[in-house]
2 protein chains.
Amino acid sequence: MDTMRSPRRRPTHPGAILREDVLPALKMTQAAFADRLGVSRLSVSELLHEKRALSPGMALRLAKLLDTTPESWLSMQAAVDLWDEHVELTE
Amino acid sequence: MDTMRSPRRRPTHPGAILREDVLPALKMTQAAFADRLGVSRLSVSELLHEKRALSPGMALRLAKLLDTTPESWLSMQAAVDLWDEHVELTE
DNA sequence: CCTTTTGTAATGCGTCACATTACAGAGTCA
DNA sequence: TGACTCTGTAATGTGACGCATTACAAAAGG
């Protein structure tokens, strides 16, 4: 089945999903989105641009607002973290 | 089925598994274990006592040494993180 | 007893999420 | 074209945290 194997390339950053799918679907402005989440506009902007990791707190806020599971967001981030750490521990 | 539901109590910290199952099974000293992992003895001790979170780096080191998946360790930690964050965001 | 192992405190370092403030570039629209 | 909105980004400060090193006292066990 080969499910959940180590990827050859860097896994998708959760910010990409938010940027490409979620926000467009919501037709909501970044600032408005940030408001709804209860975080700063900068937090949203940098997350969308993959400048920072999706924290447990953000996972919970997203889950509440979007009616998803916080686990799904966190596991995406974990995949990225493992990839990055592996690179760092390897190089 | 009710798999992966929100737990009523704080999920098991990965350090507990290491403390109660892994280390005893290995019959290895904490210091020796730390050596094998390539981290300090203090890092192991505090992890075992749940004084710190299991980082992505530790997940990879454990996975390599114990022949498990880093994901399993990280997801345990994620469950704890979500629980703690939820408490904090709620209180 | 004496040695090993362990818990823990102290200190320093680097990283990171987050907030606030500020400014410049784009896009929109009257 | 001028005004307004949205966005990217830099600057700065704060608190949290993983990890290393050093040190010491308590526990464990031959």
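Note that the coordinates shown come from a computational prediction; the quantities given were computed from them, not determined experimentally. Naming: A, B, ... by sequence-line order, numbering from 1 per chain.
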Where [X] and [Y] come nearest, the two heavy atoms and their spacing:
| X | Y | value |
| --- | --- | --- |
| Leu89(A) | Gly57(B) | CD2-O, 4.2 Å |
| Pro11(B) | Ala79(B) | CG-O, 3.5 Å |
| Ala59(B) | Leu74(B) | CB-CG, 3.9 Å |
| His13(B) | Arg52(B) | NE2-O, 3.1 Å |
| Thr90(A) | His86(A) | OG1-O, 2.6 Å |
| Asp81(B) | Pro56(A) | CB-CG, 3.9 Å |

request  = Have a look at the helix from dC1(C)-dG30(D) to dA30(C)-dT1(D) and give the angle its two end axes make, five pairs each, rounded to 10 degrees.
outcome  =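 Result, rounded to 10 degrees: 30°.
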Under 3.5 Å donor-acceptor pairs involving side-chain atoms of residues 22-42 of chain B, not counting sequence neighbours:
{"unit_1": "Ser40(B)", "atom_1": "OG", "unit_2": "Ser43(B)", "atom_2": "N", "d": "3.1"}
{"unit_1": "Ser40(B)", "atom_1": "OG", "unit_2": "Ser43(B)", "atom_2": "OG", "d": "3.2"}

Self-check item: Of residues 16-36 of chain B, the positions that come close to DNA chain C - non-hydrogen atoms, cut-off under 4.0 Å
Solution: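 Listed by number, they are Thr29(B), Gln30(B), Ala31(B).
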Evaluate the side-chain proximity of [Y] to [X]: yes if any heavy-atom separation is below 4.5 Å, no if none is.
| X | Y | value |
| --- | --- | --- |
| Ile17(B) | Met76(B) | yes |
| Val87(B) | Arg10(B) | no |
| Leu62(A) | Leu18(A) | yes |

Note to self: side-chain contact (heavy atoms from CB on, under 4.5 Å) for Leu48(B) and Ser45(B)? Distances and angles first, verdict last.
What the structure shows: CA-CA 5 Å; Leu48(B) 293 191; Ser45(B) 177; 5.8 Å; no
(Q) Below 4.0 Å from chain A heavy atoms, what is the first contacting nucleotide of DNA chain C and what is the last? (A)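 In short, chain A contacts DNA chain C from dA17(C) to dA22(C).
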Residues from residues 46-58 of chain B lying under 4.0 Å of DNA chain D - heavy atoms: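 Going residue by residue through residues 46-58 of chain B, the ones with a heavy atom under 4.0 Å of DNA chain D turn out to be Arg52(B), Ala53(B), Ser55(B), Met58(B).
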**Asked** Given atom CG of Leu74(B) and atom P of dG18(D), what is their separation to the nearest angstrom?
**Response**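 The answer, rounded to whole Å, is 12 Å.
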Specify the separation, in whole Å, of atom CD of Glu85(B) and atom C1' of dC17(D).
->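 That distance rounds to 13 Å.
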For the backbone of Gly15(A) and the side chain of Glu50(A), can you confirm whether one donor and one acceptor N or O come within less than 3.5 Å of each other?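 No: the side chain of Glu50(A) does not pair with the backbone of Gly15(A).
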Can you tabulate the close N/O pairs, meaning under 3.5 Å, that link protein atoms to atoms of nucleotides 23-30 of chain D?
{"unit_1": "dA23(D)", "atom_1": "N6", "unit_2": "Arg41(B)", "atom_2": "NH2", "d": "3.4"}

Could you measure the distance from the OG atom of Ser55(B) to the CD atom of Glu85(A)? Nearest 0.5 Å is fine.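 One finds 6.5 Å between OG of Ser55(B) and CD of Glu85(A).
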| message | What's the separation between atom NZ in Lys64(B) and atom CZ in Arg61(B), rounded to the nearest 0.5 Å? | response |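 It is 9.0 Å, given to the nearest 0.5 Å.
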According to a strict under-4.0 Å criterion, is Ser43(B) in side-chain N/O contact with OP1 or OP2 of dA20(D)?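 Affirmative; the distance criterion is met.
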message = I'd like to know whether CG of Asp21(A) has more than 12 heavy-atom contacts from other residues, nucleotides or ligands below 6.0 angstrom.
response =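 Atom CG in Asp21(A) is crowded, with more than 12 foreign heavy atoms closer than 6.0 Å.
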